[in-house]
Colleague: 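Please read through the structure below; I'll follow up with questions.
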Amino acid sequence: PMDAAVVVDAPDAEVADVPPDDSAPVDAPGDDADAAANDAAPSDAGPSPPGHVVLIGHPTLRLDDAVEPMVVNSVMLSQRATAIRVLDYTQYLTGSGFDGLVARLHAAIDVRAAGLGRTVSYTSLALAADLATALVDADVLIVHPQLLATEAELRTTATFWHAPLVAFVAAGGVIVVTPSTASSTGGAEYALVDGAGLLSLPMRAIPSPPETLTVVAPSDDIVAGVL
């Protein structure tokens, strides 16, 4: 049996039964994120491929046989091009002692991509304030566990990330969030994609006692090779 957790992939997904978090965001950087958001969408003519927002609800500090394939499968959802450009958000992971997670995940992604006749390139996003500019040259954004961040810091980041992320997904971008419950954030990385046009997550909770959950979409691309 797998851990009691959830994988969410849908721009207006609803999750219920957890009291809303009352943490108030602190001051957001005074940049022009709203204006830069439009740059995250390619200017190519024609309709954009579908975008995705994937929130992995399993512990991601241990990339086991269930978690790793789901993250890899989520990256492969990108339909923009054969060559996938991945942007890794690592600001509060670097120096945590778990930096090796990124290299391990890259290796797994490369193996899957090669099997599909695709290639992948990687760019690191070390500062949240640079997101809007970095998304211009990205097809997939991976939010790695932000172990050294506080929940307040992530919620502050969410305020100026929202517009660029919405534009990115609307243009066919894929966002993969891999939170960790073993950190000061308690898994609050989800807050970075919580909002209109991304995911609607008014509440969260860890079942107590643990529950066995039903896989409602066993044929979904995200769980291919897992079930």
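Positions are given from 1, in the same order as the sequence printed here.
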Colleague: Taking side-chain contact (heavy atoms from CB on, under 4.5 Å) as the criterion, tell me which of Leu165, Leu55, Leu135, Leu192 meets it with Ile175.
Modeller: Leu165
Colleague: By the ring-ring contact (aromatic ring centres under 6.0 Å, His included) test, which pairs, at least two apart or in different chains, include something from residues 120-144?
Modeller: His106-Tyr122
Colleague: Given Thr90, which partner from the list Ile142, Val102, Leu125, Leu101 fulfils the side-chain contact (heavy atoms from CB on, under 4.5 Å) test?
Modeller: Val102
Colleague: I want to check something: taking the side chain as every heavy atom from C-beta on, are Ile109 and Met76 in contact at a cut-off of under 4.5 Å?
Modeller: yes
Colleague: So which heavy atom on Thr157 is nearest to which on Ala128, and how close?
Modeller: CG2-CB, 3.7 Å
Colleague: Show the numbers, then the answer: is there a side chain to side chain contact (heavy atoms under 4.5 Å, CB included) between Val174 and Asp139?
Modeller: CA-CA 6 Å; Val174 175; Asp139 301 304; over 6 Å; no
Colleague: Quick one: closest heavy-atom pair of Ile56 and Ser74, and the distance?
Modeller: CD1-OG, 4.2 Å
Colleague: About how many Å separate OG1 of Thr178 and CG of Leu105, when rounded to the nearest 0.5 Å?
Modeller: 7.5 Å
Colleague: Less than 6.0 Å separating the ring centroids of Tyr89 and Trp161?
Modeller: yes
Colleague: Report the C-alpha separation of Val169 and His52 in whole Å, then their side-chain angles, then the decisive distance to 0.1 Å, and conclude whether the side chain to side chain contact (heavy atoms under 4.5 Å, CB included) test is met.
Modeller: CA-CA 6 Å; Val169 173; His52 297 270; over 6 Å; no
Colleague: Over all heavy atoms of both residues, which pair between Arg80 and Pro49 is shortest? Give the atoms and the distance, please.
Modeller: CG-CG, 4.1 Å
Colleague: Counting C-beta onward and ignoring hydrogens, is there a side-chain heavy-atom pair between Asp220 and Asn73 closer than 4.5 Å?
Modeller: no
Colleague: Search all heavy atoms of Ser124 against all heavy atoms of Leu87 and return the closest pair with its distance.
Modeller: C-CD1, 4.3 Å
Colleague: Tell me, do Val143 and Val176 make a side-chain contact under 4.5 Å, heavy atoms counted?
Modeller: no
Colleague: Any side-chain heavy atom of Thr119 sitting closer than 4.5 Å to one from Thr82?
Modeller: no
Colleague: Backbone N or O of Tyr190 within a donor-acceptor pair of the Asp194 side chain at under 3.5 Å?
Modeller: no
Colleague: Show the nearest heavy-atom pair for residues Val223 and Ala217, with the distance to one decimal.
Modeller: CG2-O, 3.8 Å
Colleague: When hydrophobic residues are tied together by side-chain contacts of less than 4.5 Å, even through go-betweens, does Val120 share a cluster with Leu116?
Modeller: yes
Colleague: Flag the pair Val75 / Leu77 as yes when at least one side-chain heavy-atom distance between them is below 4.5 Å, and no otherwise.
Modeller: no
Colleague: Begin with the C-alpha distance, continue with both residues' side-chain angles, and end with the deciding distance and a verdict on side chain to side chain contact (heavy atoms under 4.5 Å, CB included) for Ile84 and Val140.
Modeller: CA-CA 7 Å; Ile84 304 172; Val140 177; 3.7 Å; yes
Colleague: Show the numbers, then the answer: is there a side chain to side chain contact (heavy atoms under 4.5 Å, CB included) between Phe98 and Leu93?
Modeller: CA-CA 7 Å; Phe98 287 90; Leu93 174 66; 4.0 Å; yes
Colleague: For the atom pair CD (Gln146) and OG1 (Thr94), what is the distance rounded to the nearest 0.5 Å?
Modeller: 8.5 Å
Colleague: Considering only residues two or more places apart or on different chains, which pairs with a residue in residues 111-137 satisfy salt bridge (Lys or Arg N to Asp or Glu O under 4.0 Å)?
Modeller: none
Colleague: Report the distance from atom OG of Ser78 to atom CG of Leu141, rounding to the nearest 0.5 Å.
Modeller: 12.0 Å
Colleague: If every non-hydrogen atom of Ala196 is compared with every non-hydrogen atom of Val166, which pair is closest and at what distance?
Modeller: O-CG2, 3.5 Å
Colleague: By side-chain contact (heavy atoms from CB on, under 4.5 Å), which residues pair with Ala108, not counting sequence neighbours?
Modeller: Glu68, Val72
